[in-house]
Q: 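This is the structure, below, for whatever I ask next.
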Amino acid sequence: MSPAPVPPVGARIRQARLERGLGLRALAREVGVSASLVSQIETGKSHPSVSTLYAITTALGISVESLFEVRETAAVVHALAAFAADPGRRIGPLVTPSERDVLELDSGVVWERLGHVPGTDVDFLLVTYRPGGSSSGSGGLMRHAGTEYGYLTSGELVLTLGFDEQVLHPGDAVSFESTTPHRYRNDGEEPAVGVWFVSSQTVQ
């Protein structure tokens with residue numbers, strides 16, 4: 001079985017925007033994009049880049065993790081029903097490849113959710129940067145609240161962190177405060193794949 005696509009991210013963004021009483025133009029101004037782009041993202045006609053997604057969630061005061069929660073709620077209800085029907089079935093923290101939520105982002109980046117502990121604002125992800133993929137479609141650096149840890153398993157990935165630029169090779173790991181301007185890009189001819197752990201909690 002192939003991984004199940006995550007529920008419409010745009011619908012979650014629209015819901016959060018309306019709950020905060022923000023108009024399309026107001027959100028677009030805060031994020032620094034056009035109202036048309038926000039509208040296309042909300043209706044599923046366009047995928048945001050990593051940097052735009054973080055900018056939108058920051059402006060709305062929500063975590064990226066919350067964009068996955070619709071499917072999780074349904075999965076928990078389904079699991080509890082299965083547990084009631086079969087008392088011998090054990091519900092645990094395991095997430096198999098066929099159960100992963102998959103989020104396709106703009107500019108060649110794919111996030112696969114590896115797991116989640118309820119009550120935490122943590123993104124535990126298998127990240128793939130396709131050849132030519134970048135965390136920012138415009139080439140600009142992004143910044144957001146929290147801390148970031150990454151481990152590259154295959155391919156090569158260029159990390160721009162502040163004024164420094166480094167090439168990550170398989171086995172290399174990075175960790176930094178996400179408020180530092182940064183960008184990832186894959187200049188190679190094969191996908192760059194790694195495990196990322198991003199917390200929205202800022203280091204005190």
Side-chain angles (χ1 to χ4, degrees), residues 1-82 93 95-130 133-138 140 142-146 148 178 184 196-201:
M1 292 177 62
S2 60
V6 78
V9 169
R12 295 295 312 220
I13 290 173
R14 183 174 186 276
Q15 178 185 350
R17 176 176 64 78
L18 294 177
E19 286 174 355
R20 285 153 185 74
L22 275 178
L24 275 171
R25 288 184 175 82
L27 177 59
R29 276 197 303 272
E30 204 161 332
V31 175
V33 298
S34 69
S36 173
L37 177 59
V38 174
S39 176
Q40 289 175 359
I41 290 171
E42 288 189 351
T43 57
K45 295 177 181 176
S46 177
H47 295 294
S49 64
V50 177
S51 56
T52 299
L53 186 66
Y54 271 114
I56 289 174
T57 54
T58 298
L60 292 175
I62 61 176
S63 67
V64 172
E65 180 64 39
S66 69
L67 299 178
F68 291 97
E69 288 174 357
V70 171
R71 183 177 183 273
E72 179 182 71
T73 301
V76 169
V77 171
H78 177 74
L80 289 175
V95 178
T96 65
S98 64
E99 295 170 329
R100 291 179 196 157
D101 288 325
V102 179
L103 188 58
E104 296 262 356
L105 299 168
D106 191 18
S107 64
V109 183
V110 180
W111 286 353
E112 295 181 53
R113 188 193 203 194
L114 297 178
H116 175 59
V117 177
T120 62
D121 290 329
V122 174
D123 301 318
F124 179 31
L125 306 164
L126 180 66
V127 181
T128 300
Y129 283 82
R130 293 173 177 145
S134 171
S135 57
S136 173
S138 66
M142 64 179 184
R143 51 186 300 172
H144 50 92
E148 191 158 329
S178 303
Y184 297 101
W196 253 249
F197 180 93
V198 184
S199 170
S200 62
Q201 300 298 315

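Just so you know, these numbers come straight off a predicted model, no measurement behind them.
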Q: Rounded to the nearest 0.5 Å, what separates atom CZ in R14 from atom CG in L60?
A: 13.0 Å

Q: So, for R20 and G61, which heavy atoms are closest and what is the spacing to 0.1 Å?
A: NH2-O, 4.0 Å

Q: Do L53 and W111 have side chains that get closer than 4.5 Å, going by heavy atoms?
A: yes

Q: Can you tell me how the ring of W196 sits relative to the ring of Y184, calling it parallel under 30°, perpendicular over 60° and tilted otherwise?
A: perpendicular

Q: Do V109 and S134 come close enough that some side-chain heavy atom pair is under 4.5 Å?
A: no

Q: With a 4.5 Å heavy-atom cut-off, do V110 and V102 have their side chains touching?
A: yes

Q: Would you give the length of the straight line joining atom CG of L114 to atom CG of D101, rounded to the nearest 0.5 angstrom?
A: 10.5 Å

Q: Is the shortest heavy-atom distance from the side chain of P48 to the side chain of Y54 under 4.5 Å?
A: no

Q: If you look only at distance, which donor and acceptor atoms sit under 3.5 Å apart when one is on a side chain in residues 21-40 and the other is two or more places apart or in another chain?
A:
from	atom 1	to	atom 2	distance (Å)
S34	OG	L37	N	3.1

Q: Decide side-chain contact (heavy atoms from CB on, under 4.5 Å) for T57 and R12; before the verdict, give the C-alpha distance in whole Å, the side-chain angles of both, and the deciding distance to 0.1 Å.
A: CA-CA 10 Å; T57 54; R12 295 295 312 220; over 6 Å; no

Q: For the atom pair CD1 (I62) and CZ (R17), what is the distance rounded to the nearest 0.5 Å?
A: 12.0 Å

Q: Heavy atoms, side chains only, cut-off 4.5 Å: are L103 and R113 in contact?
A: no

Q: With distance as the sole test, does S199 use its side chain to make a donor-acceptor pair with the main-chain N or O of D123 at under 3.5 Å?
A: no

